[in-house]
Amino acid sequence: MTSIDITHAVPPWDGNVAKARQLQSELAARVHLEDDYPPLRHVAGVDVGFEEGGAVTRAAAVLLDSQTLAPIAEVVARQPTRMPYIPGLLSFRELPALLQALSELPQTPDLVFVDGQGVAHPRGLGIAAHLGVVTGLPTIGVAKSILVGTHEEVGPHRGDRQPLEYKGEVIGCVLRSKDGIRPLIVSPGHRVSMATAPELVLAFGRKYRLPEPTRLADRLASRRGTLRR
DNA sequence: GCGACAG
DNA sequence: ATCTTGTCGC
């Protein structure tokens, strides 16, 4: 894929939380929330896992054919873990490894599904939005739980949803991707609209809670593929 | 000041 | 996220 300047995408961690938050606010102003993605030929799923008790960050990127949802390529990138997990600053910890994995894919994806929040974040820059802004790629955030925001009870069937609100604004949606299963927290990351994000999640999944791109990347990042044990 | 808090 | 077996339910 097109090479990315990993050095400047995320500054080295210096322990300054206030400074990191300031940068997030600046980058959030560059998020584009209108549908502006190309015909979807190849989509990717990315996720991060850890090894060596957390000392090593392991990022996975899976490229899929958007028609068959079959994996076309898989990449795993390892980097020394740079900082601890701090709620709200997840991207500073996981993005560097994620960008490396993404850059090693044989093709640039037309859309990237990221494990985590898109704009459903205190400052509007969850990891999916951050990834979108620094790469320019269309992204969607698919999280398993809420970081911020509240919502009404969601219906029991696949496709049922409720808006996720924060400080009087709709920042995403709580979507039931499978009957009777805990809903997903979906929010656009970049170049995808609030209305389209959940539609794409439903379009790229069916029999599992997570959409296929995210599910495959999840398995690979957690090294829990069919092999292991 | 007291909780909450993506992965 | 990760440490971890069997077990309850669709």
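These numbers were taken from a predicted model, which means no experiment stands behind them. Reminder, nothing fancy here: chain letters follow the sequence lines and each chain counts from 1.
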Without decimals, in angstroms, what is the distance between [X] [atom1] and [N] [atom2]?
X: A:Leu220; N: C:dA1; atom1: CG; atom2: C1'; answer: 16 Å
X: A:Arg223; N: C:dT4; atom1: CZ; atom2: C1'; answer: 15 Å
X: A:Asp47; N: B:dG7; atom1: CG; atom2: P; answer: 9 Å

Legend entry - For A:Glu212, all residues meeting salt bridge (charged side-chain N to carboxylate O under 4.0 Å, His left out), sequence neighbours excluded: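 A:Glu212 satisfies salt bridge (charged side-chain N to carboxylate O under 4.0 Å, His left out) with A:Arg215 once adjacent residues are dropped.
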Inset, instruction - Assess the side chains of A:Thr214 and A:Asp115: does a donor N or O sit below 3.5 Å from an acceptor N or O? - result: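 Side-chain D/A pair, A:Thr214 to A:Asp115: absent.
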Filtered N/O pairs between nucleotides 4-6 of chain B and protein, under 3.5 Å:
unit_1: B:dA6; atom_1: OP2; unit_2: A:Tyr85; atom_2: OH; d: 2.6
unit_1: B:dA6; atom_1: O4'; unit_2: A:Gln117; atom_2: NE2; d: 3.4
unit_1: B:dA6; atom_1: N7; unit_2: A:Gly88; atom_2: N; d: 3.3
unit_1: B:dA6; atom_1: N6; unit_2: A:Gly88; atom_2: O; d: 3.0
unit_1: B:dA6; atom_1: N6; unit_2: A:Leu89; atom_2: N; d: 3.4
unit_1: B:dA6; atom_1: N6; unit_2: A:Leu90; atom_2: N; d: 3.1
unit_1: B:dA6; atom_1: N1; unit_2: A:Ile127; atom_2: N; d: 3.2
unit_1: B:dA6; atom_1: N3; unit_2: A:Gln117; atom_2: N; d: 3.3

Inset, instruction - Without swapping roles, check the side chain of A:His42 against the backbone of A:Thr108 for a donor-acceptor pair under 3.5 Å. - result: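 Looks like no, no N/O pair under 3.5 Å.
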Inset, instruction - Kindly say whether A:Pro38 contributes a backbone atom to a donor-acceptor pair with the side chain of A:Arg191 at under 3.5 angstrom? - result: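 No; zero donor-acceptor contacts below 3.5 Å.
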Inset, instruction - Decide if atom CD of A:Glu52 counts as having more than 12 heavy atoms of other residues, nucleotides or ligands within a radius under 6.0 Å. - result: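 Not more than 12 within 6.0 Å, no.
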